[in-house]
Every structure is written in C-alpha cells, then in structure tokens.
Amino acid sequence: MTSAGVLGGTLAGAVLLSLVATPVHAAPRGPDADLAGVRSVLRSALRDGAPGAMARIDDRGTVLRAAVGVADRTTGRAMDDADRFRIGSVTKIFTSVVLLQLVDEKKLKLDAPVDRYLPGLLPDDRITVRHVLGHRSGLYDYTNDMFAQSVPGFEAVRKKVFTPTELVNRSLRRPRTSAPGAAYSYSNTNFVVAGMLIEKLTGNPVRTEYQNRIIEPLKLRDTLYVHPGMKIPGAHARGYLTQDRSGAPLVDATEQTVSWAQSAGALISSTRDLNTFLSALLGGRLTSAAQLAQMERWLPSGTGQAYGLGLRRRDLSCGVSVYGHTGAVQGFYTYAFASKDGKRALAAVANTSNNGTVLNTMLRTLDSAFCGKATRAPRGRATVERHEDVAPALSLD
Ligand code: HEL
C-alpha cells in the first residue's frame with residue numbers, strides 16, 4: 001500500500017511525504033523515526049540556502065520519504081526522493097567493502113604494507129592497508145590545495161581526467177601529516193590508494209568491482225560509477241555549489257568528471273540504494289563477520305565521532321550510535337547512516353555544498369530518524385572534519 005501527498009508550504013517547491021508497505025511484523029525497536037521532524041529539518045535546509053533536500057528512511061520494511069524544494073532551479077522541477085545524486089565520500093564505504101572482500105578471499109592482508117602490492121608508490125613502506133582505510137597513513141590530502149578557493153578550484157578540475165598516480169603524486173609533494181599509524185587525519189589520498197589496490201589485485205577497473213561485488217548482488221539500480229563521464233544519467237537532482245563570497249549566485253556543478261576523487265568519492269546513487277547498501281553491509285551480507293568487525297574497529301575522529309575502515313560512527317544525543325558516512329561533493333551534501341544491525345537506515349541529501357549552515361542543519365535528520373521525537377540534539381553545530389575545505393563559515397565544536 002502506498003500513500004503519497006503533496007503538502008502546501010511557504011517555501012519554494014513541494015513537500016512530498018509518503019508511507020509505503022508497512023508489514024504487520026514491522027514494529028521498529030527503539031524510538032519511532034520522526035518523519036515530521038525530518039521534513040522540518042529539510043525545510044530548514046531550504047531556509048539556509050539549499051535549493052532542495054530529500055530524505056528516506058528504511059525501517060524493517062517501512063519506508064518513510066520526504067522531499068522539499070527543487071531538484072532543478074532552471075526548470076523548477078520539484079525534488080523527488082527517487083532522484084539520483086553524487087554521494088561524495090559515501091563512496092569510501094563501497095571501496096572499503098571491495099577491499100575487505102579481497103581480505104576474505106585471502107588476496108590482501110590489512111596489516112601488510114601497501115608497498116607489498118603497489119611497490120614504489122608510497123615513500124614509506126611502514127604504511128599499511130589498515131592505515132590507509134582508517135585515515136592513519138599520514139598521506140596529505142591533495143584536495144586541501146585543490147579546493148582552497150571553492151569555485152576556481154572546482155572549475156579548474158571540472159573536466160579534468162587524472163590518473164590515480166597523478167593524484168597520489170600531488171599528495172606526496174607535501175610533507176606527511178604524521179608517521180604511519182600515529183594519528184587520524186582524513187585524506188582523500190588514502191582512498192585513491194585504496195582504488196589502486198583494488199585495480200592491482202583484481203586486474204579490473206574499480207567500476208567492474210563495484211558492479212560485480214555490490215551493485216549487481218544488491219540490485220542497486222541507481223548506483224553508478226561513470227568516471228570520467230560528466231553527466232548523472234537518468235532522473236537526478238542538479239547540484240549547486242555555494243560560492244565563497246557571501247551573496248554570490250550558486251554555481252551549477254552537476255556536470256563534472258569527479259576525477260579528482262575517483263574511488264574516494266565519485267559514485268552516483270539514490271537514497272533507496274544507499275539504505276539498501278548500508279542495511280546489507282551492517283546486516284552482514286557483504287563481508288564475513290570478521291571483516292565487518294575490522295571495519296568497526298573504531299578510533300576517535302572528533303567529538304561524538306569515530307572512524308573504522310571506510311566507515312564512520314556518530315554518537316547521537318539520545319545515546320544511539322549510527323554507522324555510515326557523510327559526503328561533500330560540489331553541489332551535494334549527503335548523510336547515509338544506519339543502526340548497528342542495519343535494520344533502520346537514513347539517507348538525507350541537500351543539493352548544495354560549501355554551505356556549513358546547510359551541512360549542520362542536515363545533521364539533525366539523524367536525530368529525527370534515530371532518536372525520534374523524544375530527544376533533540378543541540379541545534380546547528382555539527383562536528384565536521386576539514387571544515388575549512390568544506391565550508392569556510394562552519395563553526396566546530
Ligand atoms: S570532505 C568531508 C567529506 N568528504 C571529504 C570529501 C567528502 N569531499 C571533498 O574532499 C571535497 C572537498 C571540497 C568540497 C567543496 C564543496 O563544499 O563543494 N568545498 C570547497 O571547495 C571548500 N573550499 C570530510 C566533509 C566526508 O564527510 O567524508 O565527501
């Protein structure tokens with residue numbers, strides 16, 4: 001049974017709410033998800049400058065959906081929760097899963113040096129695969145320099161096609177941020193190296209491995225790796241990059257190669273596919289229990305946050321912890337998180353970026369989805385890494 005309705009509102013665009021297929025056995029454990037709360041957060045994101053926003057919760061067969069504002073500022077088409085979008089660093093979970101499957105297949109050892117598989121790539125043979133997947137390699141994040149100025153930085157790479165080695169070499173021109181294993185320091189370089197490991201060990205492009213190991217088995221119809229293609233195929237939200245200068249017009253960033261990120265951030269997906277993927281992963285259907293446990297060996301990565309292997313944990317105000325990743329790619333902010341057992345998953349997206357207020361606001365969808373009505377996080381202060389590279393105005397805890 002599906003019911004859907006368009007609710008009126010003072011903000012641009014439509015608010016779409018629907019409740020689909022509630023089987024009798026589907027009583028969720030923990031507080032009920034607060035869809036009205038999610039919708040209210042999405043509307044706040046519009047007030048903060050996002051053209052549109054959407055979210056989907058999958059909870060033991062119950063689907064809750066909300067979409068507000070516009071997917072396309074030119075045509076005025078309303079945001080639809082089925083729209084595809086760029087997921088940025090949520091890609092890192094997919095990359096990590098492929099590598100952990102290779103560990104399961106005894107083709108890779110987490111504690112072996114990267115140098116064993118990619119001789120001569122990195123200057124320090126103490127850097128292990130585990131260091132790379134946990135952002136503890138000390139490899140400098142080359143995107144810090146690339147996007148120091150948001151729009152000029154983006155336009156300089158929008159159509160570029162890099163080899164992974166070129167990206168790693170950009171990192172190696174800078175000093176390492178720490179000795180291998182000594183400290184957590186988020187770096188896209190790590191997940192470019194991870195993609196190179198996939199290609200070396202399998203002999204296939206990362207696209208083939210995402211496809212064969214995750215996308216096809218889970219029937220993810222909206223999840224695509226089109227690099228170096230620039231378009232998002234099918235129905236999609238357009239993405240709008242906020243300029244550094246306050247009041248300057250948004251820049252339509254939808255079309256780009258995302259070659260600067262590749263296996264660190266170039267996947268396209270949908271809210272439905274992300275929820276299916278995270279539920280499968282956390283439900284133990286993508287790796288052995290032993291490798292999932294490796295992904296969930298947490299080390300602190302900021303207030304209320306921890307990082308495993310390509311996986312984030314966020315501790316919410318109501319005491320619930322959720323597992324997934326965030327994504328910030330030009331034009332799109334994504335939160336994709338699920339409960340420990342994967343039975344409740346939330347994917348929330350705003351079609352803007354470089355706007356710390358929107359990012360902070362969207363964080364509150366997690367509380368509405370996993371804490372329900374009872375508990376509220378303090379408003380408007382997200383703990384976000386590398387904030388200076390993501391949104392200059394963002395304040396941190
Ligand atoms: S940043 C993050 C997020 N990750 C990292 C990765 C991703 N995205 C990037 O590295 C892109 C950075 C530039 C994004 C751009 C914008 O907002 O569109 N910002 C600027 O150009 C600022 N000067 C750690 C937030 C993650 O959550 O993992 O995705």
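Both counts, for ligands and for their atoms, begin at 1 and track the order of listing. Residue indices begin at 1 and follow the sequence shown.
With ligand atoms numbered from 1 in the order given, ligand 1 contributes 26 (C), 27 (O), 28 (O) to contacts under 4.0 Å with heavy atoms of T326. Heavy-atom proximity to T143, at under 4.0 Å, picks out these atoms of ligand 1: 10 (O). The distance from ligand 1 to the heavy atoms of L241 drops below 4.0 Å at these ligand atoms: 16 (C), 18 (O). For ligand 1, the atoms sitting less than 4.0 Å from at least one non-hydrogen atom of N188 are 6 (C), 9 (C), 10 (O), numbered in the order shown with element in parentheses. Interface of H325 with ligand 1, defined as ligand atoms under 4.0 Å from a residue heavy atom, comprises 28 (O). Each of the atoms 16 (C), 17 (O), 18 (O) of ligand 1 lies under 4.0 Å from some heavy atom of S353.
At least one heavy atom of G327 sits closer than 4.0 Å to an atom of ligand 1. Using a non-hydrogen distance threshold of 4.0 Å, G153 does not register as a contact of ligand 1.
Distance CD/E209 to CG/L201: 9.5 Å, rounded to 0.5 Å. Within the model, atoms CG of L346 and OG of S368 stand 9.0 Å from one another, a figure rounded to the nearest 0.5 Å. Considering CG of L366 and OH of Y335, their distance stands at 7.0 Å, rounded to 0.5 Å.
Listed here is the closest heavy atom pair of D83 and A78: OD2-O, 4.4 Å.
With atom 26 (C) of ligand 1 as the reference point, the heavy atom nearest to it among Q243, M146, R312, Q330 is part of R312.
Salt bridge status for E255 with R238: present, with a side-chain N to carboxylate O gap under 4.0 Å. Using a 4.0 Å cut-off between a side-chain N of Lys or Arg and a carboxylate O of Asp or Glu, R126 and D124 qualify as a salt bridge.
Taking the six-membered ring for Trp, F277 and F94 have ring centres closer than 6.0 Å.
Shown here are the ring-ring contact (aromatic ring centres under 6.0 Å, His included) partners of H325, two or more places apart in sequence or in another chain: Y307.
Contacts between W260 and ligand 1 below 4.0 angstrom, taking non-hydrogen atoms only, involve the side chain exclusively. Neither the backbone nor the side chain of F154 has any atom closer than 4.0 Å to an atom of ligand 1 (non-hydrogen atoms only).
Residue-to-ligand polar distances place S89 within reach of ligand 1: an N/O pair is separated by less than 3.5 Å.
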